[in-house]
J.: 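My questions will all concern the structure given below.
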Amino acid sequence: MTGLEGGCACSGIRYRLVSEPFDAGYCHCRICQLSSGAPVMAFATVPRGDLHIVRGVPAVRRSSDIGERWFCGECGTPLAMTVTHQPETIDFTIATLDVPRAVVPKFHIWTESRIGWFEIADAYDRHERFRPGTMGPSTAAAAGGAASEDL
């Protein structure tokens with residue numbers, strides 16, 4: 001599956017993944033909702049150096065004290081997110097892949113922020129905040145990093 005490509009709605013930004021995505025899931029946090037205008041955003045992860053921008057330059061916005069969002073400055077498409085407590089990885093938005101069905105989300109995070117009228121119809125694991133065992137803001141703070149309640 002390596003060599004997956006994607007980009008924004010106006011094609012001004014294009015990217016290529018050079019490794020297999022992992023940790024594909026749905027995020028229901030309030031910042032994802034506001035950044036996408038949707039009740040949930042689907043992300044997957046690759047090592048930071050394995051997402052290559054091949055055309056254009058994403059705009060970057062600090063969305064919280066621990067995270068930055070990459071998006072197209074022309075059309076507004078949300079493309080990726082980085083977090084300070086996981087500097088070795090980048091989370092990209094699955095829907096921006098040319099073939100989004102190639103990466104299937106398998107869990108839900110931040111369900112405590114789920115919009116009440118949005119029903120989750122699958123049987124994947126649900127987590128009120130981060131998944132157990134993943135480094136989130138609380139564990140980053142305990143390790144000496146930044147702390148935040150939202151992404």
Side-chain angles (χ1 to χ4, degrees), residues 1-11 13-48 50-51 58-72 75-143 145-151:
M1 190 185 335
T2 58
L4 290 172
E5 295 187 4
C8 66
C10 72
S11 298
I13 298 177
R14 296 286 304 158
Y15 67 86
R16 177 178 300 118
L17 303 176
V18 297
S19 67
E20 297 294 324
F22 58 94
D23 282 347
Y26 298 101
C27 183
H28 298 261
C29 83
R30 190 68 182 129
I31 295 175
C32 279
Q33 293 166 353
L34 293 171
S35 296
S36 67
V40 66
M41 194 178 279
F43 282 100
T45 304
V46 293
R48 179 74 182 255
D50 290 355
L51 186 150
V60 177
R61 178 182 70 83
R62 180 156 286 293
S63 58
S64 71
D65 61 341
I66 64 157
E68 290 184 339
R69 306 273 173 157
W70 294 15
F71 61 97
C72 176
C75 68
T77 301
L79 297 164
M81 177 183 170
T82 62
V83 291
T84 56
H85 58 272
Q86 295 176 325
E88 69 284 352
T89 61
I90 187 166
D91 302 321
F92 67 93
T93 53
I94 295 171
T96 62
L97 288 169
D98 294 342
V99 183
R101 69 181 172 274
V103 179
V104 180
K106 297 290 186 181
F107 60 86
H108 294 265
I109 59 172
W110 288 91
T111 58
E112 72 177 15
S113 301
R114 182 184 63 81
I115 297 172
W117 49 256
F118 182 79
E119 290 299 321
I120 301 171
D122 59 53
Y124 298 136
D125 289 344
R126 292 157 172 73
H127 307 281
E128 286 188 3
R129 293 189 177 194
F130 286 99
R131 289 180 301 144
T134 56
M135 180 178 262
S138 326
T139 52
S148 173
E149 289 304 309
D150 290 315
L151 297 175

J.: Does atom CZ of Arg62 have more than 12 heavy-atom neighbours from other groups under 6.0 Å away?
T.: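 Yes, enclosed.
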
J.: With a 3.5 Å cut-off and no angle check, do the side chains of Thr45 and Asp23 form a donor-acceptor pair?
T.: no

J.: Are any side-chain N or O atoms of Ser64 and backbone N or O atoms of Ile66, one a donor and one an acceptor, separated by less than 3.5 Å?
T.: yes

J.: Restricting to non-hydrogen atoms, name the atom on Phe107 and the atom on Ala24 that form the minimum distance, rounded to 0.1 Å.
T.: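 Shortest heavy-atom separation between Phe107 and Ala24 comes out as CE2-O, 3.1 Å.
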
J.: How close do Ala95 and Pro100 get, counting heavy atoms only, and between which atoms?
T.: CA-CB, 4.1 Å

J.: Taking Thr82 for its side chain and Ile90 for its backbone only, find out whether a donor-acceptor pair lies under 3.5 Å.
T.: no

J.: Looking at CH2 of Trp110 and SG of Cys32, how far apart are the two atoms once the value is rounded to the nearest 0.5 Å?
T.: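 One finds 10.5 Å between CH2 of Trp110 and SG of Cys32.
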
J.: First locate atom CD of Gln33, then atom SG of Cys27, and finally report the distance between them rounded to the nearest 0.5 Å.
T.: 8.0 Å

J.: If you compare all heavy atoms of Ala44 against all heavy atoms of Val103, which two are closest, and at what distance to 0.1 Å?
T.: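 What the structure gives for the nearest pair is CB-CG1, 3.8 Å.
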
J.: Please state whether the rings of His85 and Phe130 are parallel, tilted or perpendicular, taking 30° and 60° as the class boundaries.
T.: perpendicular

J.: Rounded at 0.5 Å granularity, tell me how far CG in Leu4 sits from OG in Ser19.
T.: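 Those atoms lie 9.5 Å apart.
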
J.: Tyr26 and side-chain contact (heavy atoms from CB on, under 4.5 Å): which partner among Thr111, Ile120, Asp122, Ile94?
T.: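 Of the listed residues Thr111, Ile120, Asp122, Ile94, the side-chain contact (heavy atoms from CB on, under 4.5 Å) partner of Tyr26 is Asp122.
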
J.: Look up atom OG in Ser63 and atom CG in Leu34, then write down how far apart they are to the nearest 0.5 Å.
T.: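 So the OG of Ser63 and the CG of Leu34 are separated by 10.5 Å.
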
J.: Would you call Asp98 and Arg14 a salt bridge, taking side-chain N to carboxylate O under 4.0 Å as the test?
T.: yes

J.: Would you give the length of the straight line joining atom CG of Leu51 to atom CZ of Arg16, rounded to the nearest 0.5 angstrom?
T.: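 So the gap between those two atoms works out to 11.0 Å.
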
J.: Please round to the nearest 0.5 Å and tell me the distance separating atom CE of Met81 and atom CZ of Phe43.
T.: 6.5 Å

J.: Give the ring-plane orientation class for Tyr15 versus Phe92, where under 30° counts as parallel, over 60° as perpendicular and anything between as tilted.
T.: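 Tyr15 vs Phe92 ring planes: tilted.
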
J.: Over all heavy atoms of both residues, which pair between Thr93 and Pro78 is shortest? Give the atoms and the distance, please.
T.: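 Shortest heavy-atom contact: OG1-O, 2.8 Å.
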
J.: Got a salt bridge between Arg48 and Glu88, using NZ or NE/NH1/NH2 to carboxylate O under 4.0 Å?
T.: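 Between Glu88 and Arg48 there is no salt bridge, as every charged N stays at least 4.0 Å from the carboxylate O atoms.
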
J.: Quick check against the 3.5 Å criterion: does Thr96 have a side-chain atom that pairs as donor or acceptor with the backbone of Gly6?
T.: no

J.: Consider side chain to side chain donor-acceptor pair (under 3.5 Å). Of Arg114, His108, Arg126, which one does His28 pass it with?
T.: His108

J.: Provide the closest heavy-atom pair for Ser36 versus Met41 in the form atom of the first, atom of the second, distance.
T.: CB-CE, 3.0 Å

J.: Please give me the minimum heavy-atom distance between Ile13 and Phe71, naming the atom from each residue.
T.: CD1-O, 4.0 Å

